[in-house]
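Take a look at the structure below.
Numbering of ligands and ligand atoms starts at 1, following listing order. Remember, predicted model here, so these are calculated numbers, not experimental data.
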Amino acid sequence: MPQPLTYQPQGDALALDGGVRVEWQGMRSAMLDRAVVRFASRLAILSGRDAAPGGQGGLILRIDCASPDPGLLSVHMREHYRLRTGPEGATLVADGPAGVLRGLSTLLQLVEQPDTGPVLDGAIIDDGPRFAWRGLLVDVSRHFMSVTALERQLDMMELTRLNVLHLHLSDGQGFRVESRLFPRLQQVAGPGRYYTRQQVRALVDYASDRGIRIVPEFDAPGHSYAMLRAYPQYAARPVTTPMDPKRVVRAALDPSNPQVYVFLAQLYHEMAGLFPDACFHVGGDEVRPDEWTTNPKISAFMKQHGYADAPALQAAFTQRVQAILAHEGKTMMGWDELIQAPVPASIVIEPWRGSRYTAQATAAGHPVVVSAGYYLDLLLPAVEHYRVDPLDPQGNGLPPEQVAQAHAPFLEAFALDPTARMTPAQDRLVMGAEAALWTEIVTEEMLDGRLWPRAAALAERFWSPASVRDENSLAARLPMIQSELEKLGNRATADRQHMMERLAPHGKAPLATLLSVTSPVRNYALNHVFGPGRVTPTENPPPLDRVADIATPDSFVAAAFVRDVRAYLAGRHDLAAGLRARLEDWRDNDARLRQVAQVDAGVNDALPASALLAQLAQAGLDTLDGTRTAWPAGGPAALATAQNQFAASRSILAVRSTPQPAGDLLQDITPGIVALVQAGRGGR
Ligand code: TNX
């Protein structure tokens with residue numbers, strides 16, 4: 001994952017007995033040498049055999065890199081490669097260094113571990129990306145993420161062939177880069193909660209080494225409360241210190257103040273020097289009109305210049321900012337609100353509110369990077385995002401009803417529009433897409449689990465041909481890629497274990513069992529901005545340590561159960577014993593968890609979900625045992641409850657009007673129990 005463009009298995013595998021010997025043909029560079037060192041140490045981990053480069057014997061790896069690639073680290077970088085593996089070793093041919101990196105990541109995925117010892121599968125692969133821009137957005141303002149945490153994500157991105165890290169560096173909760181010109185910016189963030197200039201340079205180098213661009217975002221004129229706490233003279237309405245949770249998402253710059261543009265020109269100049277990428281993201285989302293219109297000075301300014309409304313005023317602001325960035329030699333990028341009034345077509349637009357904005361922006365000639373449909377903080381299972389294509393609705397070749405189905409979780413509030421139409425010329429303006437993680441409810445210890453493996457599924461959506469969309473195959477490969485990523489540094493499981501130990505120091509096993517088959521409520525039911533919310537922004541955010549913060553959107557254990565139920569109902573009666581054992585474990589887990597709750601109060605939150613799981617398990621057991629005709633009154637009620645809980649967070653709008661289950665957990669074995677019960681009713 002991501003699946004290559006073409007892949008021919010060659011049967012004969014090569015035993016990995018330790019060591020890698022590289023034979024260079026074509027060009028070689030320090031960057032490629034470091035890539036090979038990383039490859040060798042990863043190969044050693046995955047194969048369990050020591051594989052220091054330069055050793056004797058072992059895997060012979062021929063690398064033929066044609067050119068240094070003048071477009072390296074731009075949207076034009078050459079990522080194509082050809083790979084052949086067999087008894088004679090591996091041959092990797094690429095047009096440029098990025099192609100070598102992508103080929104090495106694929107090579108690692110050919111490592112298998114059968115009982116007879118580690119092998120490299122034989123294969124002939126010809127591969128290149130569908131989209132040039134395959135991004136991951138991490139919001140480091142709402143919750144600061146350490147350099148180490150970001151480096152780890154860059155490693156995961158290299159392994160899954162993502163190539164842009166979009167850092168949301170400034171928002172209400174903090175400005176996260178050291179500024180020499182405006183040091184109050186980092187003082188507001190607080191010690192240790194911003195990146196020093198040296199750290200930024202090192203991070204950019206770390207990413208470049210992995211063929212990954214870093215695109216910085218400094219959000220303006222809205223989402224700028226942190227900037228304005230540092231420099232209140234630029235605010236449209238008074239901004240106070242300490243942090244006022246009600247103002248955090250609202251505060252905006254004053255576009256009628258000429259000094260604001262002087263400030264931005266200086267700040268962007270300084271930041272442009274730190275971030276070498278050609279693109280510079282200036283946000284532009286969610287400006288609340290009354291931040292401007294209720295200020296008499298600003299409304300007089302609007303009258304004087306003939307700006308009819310806030311979007312017209314924002315367009316004027318955007319044009320001035322674009323001129324500032326053009327002066328820095330940067331391509332401006334911003335959210336889809338920028339096109340509410342006409343702005344220069346060279347501005348790269350990032351549609352986030354829906355595919356209709358992809359259609360609108362490309363119709364106006366803007367290059368586009370799509371994040372609509374890819375918001376990982378909605379806490380949807382991987383497949384829900386995987387179904388959405390960056391070129392939806394047209395470019396994915398699906399019949400309209402399937403497009404509508406793919407968009408269903410996002411409809412209403414996020415307005416994905418399956419009826420919007422794009423021409424081939426518009427399709428060509430779509431440079432790619434980004435998976436996005438906003439971090440209002442994500443702390444650093446949750447970061448790996450909230451990103452992975454779902455970001456890997458999206459890496460495939462953005463890299464592989466549109467025709468790669470088999471959902472069963474995705475479900476089968478997700479646990480595999482996650483386990484591989486964890487061997488290579490991903491902390492998702494390890495951090496979840498820590499969080500469980502903190503909640504249940506006297507015994508986390510029953511909690512782990514419950515959380516292996518439940519997932520958090522969806523669609524911002526836990527986000528204070530959209531949903532009823534449980535987290536308000538504060539100066540020193542506490543850890544998020546409720547059970548729903550530990551639960552993951554994809555529970556592999558539940559998925560395997562549902563799969564086995566379907567196979568059992570299709571005739572695999574040998575699966576019955578295994579199904580029964582699992583159902584008994586889930587039923588009996590409730591008593592064990594209740595015992596833990598006597599001493600570890602943090603677990604109380606999970607008891608209603610635990611009781612419901614026990615009831616569902618009992619209902620499943622009753623049908624398996626053939627006692628379904630006399631099944632307890634609780635069975636159907638439990639099923640109805642579990643199904644209603646899913647309905648309560650089926651969309652952002654549903655979340656606003658429907659109470660969520662206690663503990664905010666959903667029962668992922670539900671479809672399996674439904675199938676069992678329905679088959680039972682049918683008199684099987
Ligand atoms: C909207 S997405 C935002 C973000 C929030 C997100 C979730 C976008 C361009 N703006 O600032 O984090 O919703 O609350």
| ligand 1 contacted by E350 (non-hydrogen, < 4.0 Å) | no
| message | Any nitrogen or oxygen of W335 lying under 3.5 Å from a nitrogen or oxygen in ligand 1? Just yes or no. | response | no
| note | CE (M145) and CZ (R152) are apart, to the nearest 0.5 Å, by 10.0 Å
| request: Consider only side-chain N and O atoms of W352 and E434, and report whether a donor and an acceptor are under 3.5 Å apart. | output: no
| task | May I ask you to decide whether R142 forms a salt bridge with D377, counting only side-chain N to carboxylate O separations under 4.0 Å? | result | no
| query | Does the ring of Y261 carry R320 above it, NZ/CZ under 6.0 angstrom from centre and within 45° of its axis? | reply | yes
| message | For the 3.5 Å polar cut-off, considering only N or O atoms, please tell me whether D285 and ligand 1 meet it. | response | yes
| field | Those atoms of ligand 1 less than 4.0 Å from some heavy atom in H223 | value | 11 (O)
| task | Would you mind running through ligand 1 and noting each atom that sits below 4.0 Å from a heavy atom of Y524? | result | 7 (C)
| field | D139, portion touching ligand 1 at heavy-atom distance under 4.0 Å | value | neither
| task | Please name all residues satisfying ring-ring contact (aromatic ring centres under 6.0 Å, His included) with H168, sequence neighbours left out, ordered by chain then number. | result | W438
| task | Applying side-chain contact (heavy atoms from CB on, under 4.5 Å), run through V521 and L379 and close with a yes or a no. | result | CA-CA 7 Å; V521 290; L379 302 183; over 6 Å; no
| remark: Restricting to heavy atoms, the pick from R142, E217, H168, E440 nearest atom 7 (C) of ligand 1 would be E440
| Under 3.5 Å, N or O to N or O, is W438 touching ligand 1 that way? | no
